[in-house]
Amino acid sequence: MEKAIYIYNQRKFDETKQSVSGDSNIILIHKTSFEDYYFDVGEVRLFSTSQLIIFGVNEVLRRKEVVMPYPVICWIDIYHVNEMIIMLPVIRKTDASNCVNTPDDIIINPYSRESRN
């Protein structure tokens, strides 16, 4: 296994105990490359489902002012949670050499403010 993506998918609040708990899923990534392609787990993004349907990936990226450091061939939808879609960019292996080493474990929290912007 090369990478793991940890995704919160449900948050539970217990006001009597003043605690927060929840459920999550883990996606294990066995290989981050295939033939001439690289799956850039370090640039995985969380998008609004409705915005993607209405505007498409390129317009959503533009509206969020996301500029990718290399050309993206396509985006792969890898998970759905809370009206959000987790997307993984696919790039050429030759462009992957420009990528910064990403951590082995990626945490995605669709409840955070940064994710909703």
| Verdict with reasoning, Ile76 to Phe39, per side chain to side chain contact (heavy atoms under 4.5 Å, CB included) | CA-CA 9 Å; Ile76 298 175; Phe39 306 97; 3.8 Å; yes
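- Residues Arg45 and Trp75 meet the side-chain proximity criterion, which asks for heavy atoms closer than 4.5 Å.
- You'll find the side chain of Pro71 reaches within 4.5 Å of the side chain of Asp95, heavy atoms only.
- Crowding of Asp23 atom CG: a count of heavy atoms from other residues, nucleotides or ligands under 6.0 Å exceeding 12.
- Atoms NZ and CD1, from Lys93 and Ile91 in turn, are 11.5 Å apart once rounded to the nearest 0.5 Å.
- Taken to the nearest 0.5 Å, the CG atom of Leu88 stands 7.5 Å off from the CG atom of Asp40.
- For the atom pair Thr94 OG1 and Tyr37 OH, the distance stands at 10.5 Å (nearest 0.5 Å).
- Residues His80 and Ile85 approach most closely at ND1-CG1, 3.6 Å, considering heavy atoms.
- The two atoms that bring Met87 and Asp77 nearest to each other are SD-CA, 3.5 Å, heavy atoms only.
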| message | Does Val66 form a side chain to side chain contact (heavy atoms under 4.5 Å, CB included) with Met68? I'd like the steps, not just the answer. | response | CA-CA 6 Å; Val66 174; Met68 299 302 288; 3.9 Å; yes
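- Cluster membership check: Phe34 shares its hydrophobic cluster with Ile29, using side-chain heavy-atom separations under 4.5 Å among Ile, Leu, Val, Met, Phe, Trp and Tyr.
- The local environment of CZ in Phe55 is crowded, with over 12 non-hydrogen atoms from other residues, nucleotides or ligands closer than 6.0 Å.
- To the nearest 0.5 Å, the span separating CD1 on Ile27 from CD1 on Ile108 amounts to 7.0 Å.
- The line from CD1 of Ile5 to CG of Asn25 is 11.5 Å long, rounded to the nearest 0.5 Å.
- Grouping the Ile, Leu, Val, Met, Phe, Trp and Tyr side chains by contacts below 4.5 angstrom, directly or via other members, places Ile53 apart from Val57.
- A 4.5 Å side-chain heavy-atom check between Val72 and Leu61 finds every atom pair outside the cut-off.
- For the atom pair CE of Met84 and OG of Ser50, the computed distance is 9.0 Å after rounding to the nearest 0.5 Å.
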